[in-house]
Structure formats: C-alpha cells, structure tokens
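First the structure, in the form of structure tokens, and then the observations on it.
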Amino acid sequence: MHQTKVLRLIKIIKKILITKRNGSKQQKENMYFDELDLNDDVLDALYDMHFDKCTPVQEKCIPLILKGKDILAVAQTGTGKTAAYLLPILSKLAKGNYADDAINCVIMSPTRELAQQIDQAIQGFSYYLNGISCVAVYGGNDGNRYDQEIKSLSMGANIVIATPGRLISHISLGNVDLSKVSFFVLDEADRMLDMGFSEDIKMIANNLPKSCQTIMFSATMPNKIENLAKSLLKNAEIIKLAVSKPAEKIQQSAYICYETQKIGIIKEIFKSGNLKRVIIFSGSKQKVKKIAASLNKQNIKCGEMHSDLDQAQRDDVMFKFKSSQIDVLVATDIVARGIDIDDIAMVINYDVPHDVEDYVHRIGRTARADREGNAITFVSEEDIYYFRHIESFLEKTIDKKPLPKSLGDGPKYNFNSKAVRSKKAKNHKNNNKIKNNNKIKNNNKEKKNNNCHTKQQKENQLLDVKKNGRGNTQAINTKISKKQEENKGEVVNIDKGQNSKHTYNNNNKTKQKKYSKDNKKEQNITGNDKPSGNKGKTKVASNNTKPKRKRSQKLSNQEKQNIKRSTKYDIREDISRKYTSKEKGIKALLKKPLKWLKGLGKK
C-alpha cells in the first residue's frame, strides 16, 4: 500500500515537471486519473492495473457522477464506459454515509456475460477497499447458485449486477429490498431495449426511491432511448461523443460471394495463415451451429456461442476461448457487446448486419488496447444493399478481395451506382405473402371440389334409389323372395304405409317388431294378407312401390283416433303369448284382473 502511494507521488511530480517544460499553452490530450477527485484506494488499484490516462467518456462522466447528477452518455464500444461509472460510485461508497447491510447500487446488464465482466471489474477496482461487497444475479444457474443469490440479497450486498428478468423474479418473490438504493445504472441501454426489456426496466425503476441517482450508458441514441431517459432521468446531463466508428487500426475487407461459397472462403483463410484468435459472427444460431460443425470436421479447435446454451456451457466456452484452449469462436451478437478480450486477431462477419451499429460493435472486438486487427465481411447478393449503407456511413469504400479460383465467380458489385436494394431483399416479405395467399386459395378450391364431388355422389345415389323404386318392381320382389328363402317362416307384408314382420323360431318362441299399438288391427292385417296361389310369393301393393324410409310418416285423423293412447293403466304386450284354458290355480286368478284392466282401457 505505502509503496504504491510513494510511486504514484513520484509519477505526479514527473508529470508536473513535463508540463512546465512544454509550457502552459499546450493543450492536454488526455486527463490522468490522479487529477480526478477519486478515492486513494481506488487510485492505487488503477495504478496496479496500469491505468493512467482517462478516455474521453471517463473524463467527462466521472466529475458529473461525483457531483450526484443524472447522466445519459452515448459513446462507442471499447471506450471504457464500465470504468466511467464504477470508479466514481466506488469512491462515493468508500467515503461512507450510506446504509449498512443494504443494497446501495443496482447495475442492469442485458446479458449474463456482461454481468460477469462487470463483477470482475468491480473486484479489481475495489481490491484495496474494505467493506464493499457485490453479487451478480442472472439466470441459467443451478439451485446452489440461486440460494447464494438469495442470501447475498437478503444480507444487503452493496452492489448488485443483474439481468432484468432475474431481478424481477426476485422482486416478485420478495427477496430484494430496493428502498435504500442510491445509484441505478443502465449499461448498454439500447441493447436492453432491443431485447424487449423496456417494461421490465420501468417496473424495477418504480421500486426505487425518488432520490436515486440514475446513470444511462448507450452506444446509440434512437428515439426509444430518449423516451426512456425522459421517464427515468431528472435534469440529466447528456454527453454525446463521436458516433461509433471503428478504430483506424482495423483493416477492413470484404468478399462478394454467394451463400454457398462462404464456407469455402473460411477454409481458404485458415489455410493461408496460422490464425488462432478469431471470432466468426452470424445473425442466426442455426448458422452458428453449421459453421462450428464444418470447422470441427477440419480439426480446427472451435467453440460455439448462442442462446440455446445454458449458463454452465457458456461459461465453459468463454473460459476455453480466453485461456486459448479454443482458437475460433463462432457466435451470435451475444458476444458483440461488452466482452473485453484484448488479443483477438480477426473478426469475420459471416453475414452483413442490417444495422450499422451492429457492424461497428462486431469488428470492435479486434484491435483493442492499441493493437492491430483484421475484419472480413462476406457480402451475398441480398446483403449488397445493407453493405452499401455501411460504406456510406463510414464514408469510405471497403476493399473487395477476389474469390479463390476453386470457388468460381461471385455476384457483381456496382461501385459507382447508388445503393439500390436488391429485388430479392426488397420483395422478400411480399413474395412470402403471395405464396401464403396462393396456398390458402388452393386449399379453398380443393375443399370446394371435394364438396362438389360429394354432392354429385349423393345425387347419383338418390337417382338410383328412385329408379329402383319406380320401374323395377321385379327387383324388389326378388329381394323379398331371397329374404324369405333365407329366413323361413318370415312373412313380409307391404300395405298402405304400414309394414309388419312376424318371425317364428324352431323352439316356438315368438318375437314381434312393434309398428303400432293396436293388436286388433295387426290381426286384421295378417288375416287379409294371406299368401294365395303360388307358394313362397307375396302380394305387393301396386300403388306404393317406393321403399319406405325409417322415419315415421304423418297419420290421418281417423288413424290417430284408432290408435290407443297409453295411460298408466295400459299394459303393453311386447311379447305375444297365447294362454291355454288348462291353466289353473294362482295363474288363472292373476289373469282375471289383467283382463279387467284391459277392458277399462277401452272404456
């Protein structure tokens, strides 16, 4: 501790002597951390980490945060935004005058990886501070990690770094008390809004005290960031630096190629040089998996990073990449922001990002810490429109490299023409809509045709029935005769609107199908319709030759009067049975009242 302070004093004296020699008129390019009103223990940690000069963001933001003002800072990636808010907050917490055993600072992060990186930075900057505790709260962990989060939140960690979804789950369960928070920080605010966390951020802000100091950092300044700032910040100081542009030490180039040629270009790049620290960015996780699989087949040490991985797998991949166990990392835009890895030699854009800021963030992973780097972009025919926007934003033309001879020729790229959106990219949505509409129309036509076929089949069946019923009476007679031959003893009688069948079994057991309730009428019908003349033939009524439907027909008034209505005294004889006069005793006595009841029904 004492040695570091002595060395720091010697360094300050040297700076004073140098400024006197150069004269007071010369303007300072960058401010030193020693010139800011930071805590001595924090300065000692910076000296050990070899941080001497401030970046422009740090130079403008740190004094305002120390004064307690709300800030909206817009700066490009890799400019030291994390230290710009951590150093003044740690210095103010070290002075005291804040609640013990309570949460004093909440830092929101869009991704788990950025939350872990902020946690590591706090541990480095607060190395010499006593009584400062922090915890990173994010999803995808096991039960033990979740229990540790609950304990640290209940005991009151000084600084909480959290993703929005995880913090809201703890708030809903009552595990967090945010009533004494003094600092509320939104890091990569534009990224959080793009991920759909705007409502979650507002819910968290509603649980904070009104006296809380709010600090927002963003790489871009769209309208939604301005609206969020108006709702959260109070008399905020807005700091806008140069719009995010890549460092000059990045050598940018592009290949104009087809989609099928991209894997071949990657193979040629790795054959030409011994590249070990490469990140390949792609817009979809499906492409990431395909690229990683093809590279692993070539015995290239490769890892993949996308949203389908759980937290343990993500940590393992990032640890292997940082420790040089993996040479190539294929990832989505999860790694494009906030990940600080210094020695990345090359960044490859497998597809062109549609936003200029995403392009700058991707290639900003290389050429960090005053190093050189390469950025290569694969431009397909559909992505030429977006790549022309990137060139116009950067105000320069990016070098186009020729394709390897083994891959053939690629699409044409017009240098002098204006950026005209390709037909495929322009009408992509319209084509999909037309296809869907055509599918719906074809399905409706098929349904109509099927309905027409079914209607025609039904009409044909009805015509066949009518033909058989009107002219072909012989066919009906033959069918009836066949039934009589098969079932001996069965008599079919067809009369005016009434049908009756009597079946007799060999065991003299009778079963009657009931068509009317008048027994006397049934006996008259059977008596009149006796088979006469030829055996096995039945008389068929010539008037009603149509086959009768199963539905009951409407009866005339005379027939309705003849049919007996059932009352509670009626007895239905479902099984016809002839009782002989030989029955005596109890049976004969029982039948007498039944006959009396029948007569009562007639009356």
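If you read the sequence from its start, that first residue is 1, and numbering goes on from there.
Between Lys53 and Glu59 no salt bridge is recorded (no basic side-chain N to carboxylate O distance below 4.0 Å). With respect to the salt-bridge test (charged N to carboxylate O, under 4.0 angstrom), the residues Lys301 and Asp327 do not qualify. The pair Lys322-Asp316 does not count as a salt bridge, with every side-chain nitrogen at least 4.0 angstrom from each carboxylate oxygen. We find that Asp333 and Arg362 are joined by a salt bridge, their nearest charged nitrogen and carboxylate oxygen being less than 4.0 Å apart. Ion pairing of Asp351 with Lys262 is absent here, as no side-chain N (NZ or NE/NH1/NH2) approaches a carboxylate O to less than 4.0 Å. In this structure, Lys320 does not pair ionically with Glu304, as no charged nitrogen and carboxylate oxygen lie closer than 4.0 Å. Ion pairing between Lys249 and Glu372 fails under the 4.0 Å rule for side-chain N and carboxylate O. Using a cut-off of 4.0 Å between Lys/Arg side-chain N and Asp/Glu carboxylate O, Glu226 and Lys230 are scored as not salt-bridged.
The line from SG of Cys61 to CD1 of Ile239 is 3.5 Å long, rounded to the nearest 0.5 Å.
Taking the six-membered ring where the residue is Trp, the centroids of His389 and Tyr385 are separated by under 6.0 Å. Between Phe217 and Tyr85, the ring center distance clears the sub-6.0 Å criterion. In summary, the aromatic rings of His354 and Phe387 are positioned with their centroids too far apart to meet the 6.0 Å limit.
None of Asp48, Asp41, Asn39 except one satisfies the side chain to side chain donor-acceptor pair (under 3.5 Å) rule with Tyr128; the exception is Asp48.
For Arg277 and Phe321, the positive end sits near the middle of the six-membered ring, less than 6.0 Å away and at most 45° from its axis.
In terms of heavy atoms, Ile132 sits closest to Leu129 at CG1-CB, 4.0 Å.
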Margin query: Run Tyr138 and Gln116 through side-chain hydrogen bond (donor to acceptor under 3.5 Å, both in side chains) and show every step you take.
Written below: CA-CA 9 Å; Tyr138 48 85; Gln116 290 175 344; 3.0 Å; yes
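Residues Gln311 and Asp315 bring a donor and an acceptor atom of their side chains to less than 3.5 Å of each other.
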